Amino acid sequence: MRTLLFVCVATSLLVVGGCKERRPGAVVRDACNLLSKEEVESVQGAPINDTKSGESSDGVFVVSKCFYTAAEFSKSVTLALVRSDPKQGSGRSPKDFWKEKFDPYQDEEPKTNSGDEKEQGSAPKKIEGLGDNAYWVGNRFGGMLYVLKGDAFISIGVGGSDDLETKLKKSKALAEKALQRL
């Protein structure tokens, strides 16, 4: 069940609409404003044909999603930005959610993959030097990088046939660019 959020975020990236132009000094609310098509193209090594954005709220958090559609569809990239819903006064923040989901893994040593882990995905792997806190959650299809900065976090998933280590490196490169605008 601990990976339910990760699966939900990854699968909820069915997006509609287009991205809005970023205004200098504006608070970023649209995940498509965190990365340009050109930045994604340079990291993925494939042309990006389109970006599609969407936003949803569960009454506690607002999730802004962006899907960067690559010419070679399997190399597409997903990006989500999770922050508190300003319309709700729940008192629960993305930072609180982060602590619940990732603090149990803070001091965990990386494990070797057993058959069960390959099916369910491995435990989150702490990533040093990225944002305030970061974790990579790998699975047999790839993985997602989650990065906390302040009271919001992003998730990035890159497609393609690269191995997990290369996908992690690409995800980190994109996260570093996105965090500059968060």
Side-chain angles (χ1 to χ4, degrees), residues 3-24 26-57 61-83 94 113 117-122 124-127 129-131 133-149 152-182:
T3 59
L4 182 57
L5 169 73
F6 308 125
V7 172
C8 290
V9 170
T11 58
S12 72
L13 292 171
L14 301 172
V15 294
V16 294
C19 291
K20 299 174 187 152
E21 189 175 331
R22 179 166 160 69
R23 292 174 285 145
V27 174
V28 175
R29 299 191 193 294
D30 184 342
C32 287
N33 288 328
L34 294 176
L35 292 172
S36 70
K37 286 172 38 173
E38 295 77 19
E39 289 169 327
V40 175
E41 285 175 348
S42 71
V43 170
Q44 277 295 74
I48 300 299
N49 292 339
D50 194 20
T51 58
K52 296 188 187 263
S53 67
E55 186 174 277
S56 62
S57 174
F61 302 120
V62 174
V63 180
S64 173
K65 301 156 280 238
C66 190
F67 187 74
Y68 297 84
T69 308
E72 184 181 334
F73 189 77
S74 68
K75 290 191 172 191
S76 297
V77 171
T78 59
L79 171 66
L81 168 62
V82 179
R83 52 194 163 72
N113 286 339
E117 286 176 339
K118 287 180 183 175
E119 290 298 315
Q120 297 176 0
S122 58
K125 174 185 173 185
K126 186 163 180 57
I127 305 298
L130 194 59
N133 209 335
Y135 284 89
W136 170 255
V137 180
N139 60 45
R140 66 181 180 190
F141 302 109
M144 293 290 280
L145 178 64
Y146 296 87
V147 184
L148 177 69
K149 182 177 177 187
F153 66 89
I154 60 172
S155 65
I156 298 176
V158 298
S161 58
D162 297 320
D163 60 37
L164 285 179
E165 195 60 36
T166 302
K167 286 185 178 190
L168 173 57
K169 285 179 186 175
K170 288 182 172 185
S171 296
K172 285 169 66 175
L174 290 172
E176 287 171 351
K177 293 175 187 302
L179 290 173
Q180 293 173 3
R181 297 184 183 108
L182 185 59

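Quick caveat: nothing in here was measured; it's all calculated off a predicted structure.
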Would a distance-only check, ignoring hydrogens and angles, find a side-chain to backbone donor-acceptor pair under 3.5 Å from [X] to [Y]?
{"X": "Lys177", "Y": "Val40", "result": "no"}
{"X": "Thr69", "Y": "Asn49", "result": "no"}
{"X": "Lys75", "Y": "Ala70", "result": "no"}
{"X": "Gln44", "Y": "Gly159", "result": "yes"}

What's the separation between atom [atom1] in [X] and atom [atom2] in [Y], rounded to the nearest 0.5 Å?
{"X": "Leu35", "Y": "Gln180", "atom1": "CG", "atom2": "CD", "answer": "10.0 Å"}
{"X": "Glu176", "Y": "Ile156", "atom1": "CD", "atom2": "CD1", "answer": "9.5 Å"}
{"X": "Leu174", "Y": "Leu79", "atom1": "CG", "atom2": "CG", "answer": "8.5 Å"}
{"X": "Asn133", "Y": "Lys126", "atom1": "CG", "atom2": "NZ", "answer": "3.5 Å"}
{"X": "Leu179", "Y": "Leu34", "atom1": "CG", "atom2": "CG", "answer": "8.5 Å"}
{"X": "Thr51", "Y": "Asn33", "atom1": "OG1", "atom2": "CG", "answer": "9.0 Å"}

>> I want to check something: taking the side chain as every heavy atom from C-beta on, are Lys167 and Trp136 in contact at a cut-off of under 4.5 Å?
In response: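 Lys167 reaches Trp136 side chain to side chain.
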> Are side-chain heavy atoms of Leu145 and Leu130 found at a separation under 4.5 Å?
Replying inline: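 Yes. Closest side-chain heavy atoms under 4.5 Å.
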Smallest separation among heavy atoms of [X] and [Y], with atom names:
{"X": "Phe153", "Y": "Pro94", "result": "CD2-CB, 3.9 Å"}
{"X": "Phe67", "Y": "Thr78", "result": "CD1-CG2, 3.4 Å"}
{"X": "Gly131", "Y": "Val147", "result": "CA-CG1, 3.9 Å"}
{"X": "Val43", "Y": "Lys170", "result": "O-CE, 3.4 Å"}

>> Using the rule given for side-chain hydrogen bond (donor to acceptor under 3.5 Å, both in side chains), can you reason through Ser56 versus Lys65, listing the C-alpha separation, both sets of side-chain angles and the distance that settles it, and then say yes or no?
In response: CA-CA 8 Å; Ser56 62; Lys65 301 156 280 238; 2.8 Å; yes
>> Leu168 vs Lys125, test: side chain to side chain contact (heavy atoms under 4.5 Å, CB included). Steps then yes/no.
In response: CA-CA 11 Å; Leu168 173 57; Lys125 174 185 173 185; 4.1 Å; yes
>> Taking the basic N atoms (NZ, or NE/NH1/NH2) and the acidic carboxylate oxygens, is any pair closer than 4.0 Å for Arg83 and Glu55?
In response: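 So Arg83 pairs with Glu55 through a salt bridge.
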